[in-house]
There are 2 protein chains.
Amino acid sequence: MYQASAPRFANMLRNLAALIDKAEAHCAAKKIEPAALAAFRLYPDMFPFTRQVQIACDTAKGAVARLAGVDVPKHEDTEETFAELKARIAKTVDFIQSIKPGQIDGSEERNIHLKLGPREVDYKGMQYLLGHAIPNFYFHVTTAYDILRHNGVELAKRDYLANP
Amino acid sequence: MYQASAPRFANMLRNLAALIDKAEAHCAAKKIEPAALAAFRLYPDMFPFTRQVQIACDTAKGAVARLAGVDVPKHEDTEETFAELKARIAKTVDFIQSIKPGQIDGSEERNIHLKLGPREVDYKGMQYLLGHAIPNFYFHVTTAYDILRHNGVELAKRDYLANP
């Protein structure tokens, strides 16, 4: 359970921070207003880039905290700039790395109670991790990547997968 | 290893087939040429919708086959229509379901040798599944979803996650 969660989330969040570095460099090179890219949405009722990054962070920290049975740290969603988003990622990675393998291993059957907007859902630990947290996490990281690629930032799959 | 792979891939591929059903209904309702949506790319040098679906299928079947130590079934990339893509998904799910848990469980340390274009990479089973196959699989399913959403198909996160 630990191997499938904390180190994978931390690794991919570092890759996401590196994507943001490339987005910043792209804006500088092309004289694009960084706020325009950070606020970009693939469709008007989809979330902007900033929110994709925030939700990726929240999904990772929430999964690690719930599986370990500790309080989910609160991070206010105030980020607007690329630098602020990288700071959000950094504090999320710090929290993930504060959790020891022994706190998460053995959580396969732990009861997880989740509020998803108006719905309340009960999971077992493994079902929550594999069927909810992991696909949701990669959804938001990938959509962040897709927003940057759609806007011409030069990224390749290698930047997303990096070094497993 | 089985729980983290085969049933998750099969479940998400069924969700992907349901997204394609909604894309078909959208094309019919809006009198859109289905081929235009199937060939859509988020950027000129990104893969079109059809190829995103094919790679999602290939990633899932390749992971399940390699972890089980059986030959990866060959599926030619000939699909152009939504119906053909759903048939591709169905035969991928059939293959995944033909593998028994005992064939995959215990494959954490299995040597996996992969050709990624010009590169050759060696993984251990768990590293391959968690660090390569799973993020790559969700990348292509999410990008398929993002292509449809970007084109106005009415989907929600619920359609992607469905029932874990």
Side-chain angles (χ1 to χ4, degrees), chain A residues 1-9 11-12 15 41-47 52 55 59 108 112 114 116-117 119 121 123-124 126-164, chain B residues 1-9 11-12 15 41-47 52 55 59 108 112 114 116-117 119 121 123-124 126-164:
Chain A
M1 290 292 288
Y2 177 78
Q3 283 300 327
S5 59
R8 294 300 149 193
F9 292 137
N11 192 46
M12 185 56 75
N15 300 349
R41 304 164 191 261
L42 285 175
Y43 201 68
D45 68 352
M46 287 182 82
F47 286 128
Q52 302 291 347
I55 300 178
T59 303
E108 286 86 345
I112 307 282
L114 215 63
L116 297 171
R119 291 192 307 145
V121 191
Y123 295 103
K124 294 290 178 186
M126 184 188 282
Q127 177 197 28
Y128 164 64
L129 176 62
L130 299 176
H132 180 88
I134 289 177
N136 198 48
F137 175 72
Y138 287 123
F139 179 93
H140 291 287
V141 176
T142 299
T143 301
Y145 174 103
D146 285 344
I147 289 172
L148 299 181
R149 282 287 266 119
H150 179 69
N151 283 283
V153 181
E154 287 190 18
L155 304 172
K157 175 76 76 57
R158 206 171 308 123
D159 296 300
Y160 166 82
L161 288 174
N163 294 312
Chain B
M1 291 293 286
Y2 177 78
Q3 283 301 327
S5 59
R8 294 299 150 194
F9 291 137
N11 192 47
M12 185 55 76
N15 299 351
R41 304 163 191 262
L42 285 174
Y43 201 69
D45 70 351
M46 288 183 81
F47 286 128
Q52 303 290 348
I55 301 177
T59 304
E108 286 86 345
I112 307 281
L114 215 62
L116 297 171
R119 291 192 306 147
V121 191
Y123 294 103
K124 294 290 180 187
M126 184 187 281
Q127 178 197 29
Y128 164 64
L129 176 62
L130 299 176
H132 179 88
I134 288 177
N136 198 47
F137 175 71
Y138 288 124
F139 178 93
H140 290 287
V141 176
T142 299
T143 301
Y145 174 102
D146 284 345
I147 289 172
L148 298 182
R149 284 284 268 121
H150 179 68
N151 283 282
V153 180
E154 288 189 18
L155 304 171
K157 176 76 76 56
R158 207 170 309 124
D159 296 301
Y160 167 81
L161 289 174
N163 294 312

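Proteins come first, then strands; the chains are lettered A, B, ... in the order of their sequence lines, and each starts at number 1.
Taking every heavy atom of both residues into account, B:G131 and A:R8 meet most closely at CA-NH1, 3.3 Å.
With a 4.5 Å cut-off on side-chain heavy atoms, B:E108 and A:Q3 do not count as touching. B:T142 has its side chain out of reach of A:Y138: every pair of non-hydrogen atoms, C-beta onward, lies at least 4.5 Å apart.
Per-residue counts of heavy-atom pairs under 4.5 Å with chain B were compared for A:M12, A:M126, A:H140; the largest is that of A:H140.
Contacts between B:Y145 and chain A at a heavy-atom distance below 4.5 Å involve the side chain alone, from C-beta outward.
In this structure, the separation between CG on B:N151 and CG on A:L42 is 10.0 Å, given to the nearest 0.5 Å. In this structure, NE2 on B:H150 lies 12.5 Å from OG1 on A:T143, to the nearest 0.5 angstrom.
Remark: A:Y160 engages B:F139 in a ring-ring contact (aromatic ring centres under 6.0 Å, His included) (not counting sequence neighbours).
For residues 132-152 of chain A, every residue pair satisfying the salt bridge (Lys or Arg N to Asp or Glu O under 4.0 Å) rule, not counting sequence neighbours, is listed here: A:R149-B:D45.
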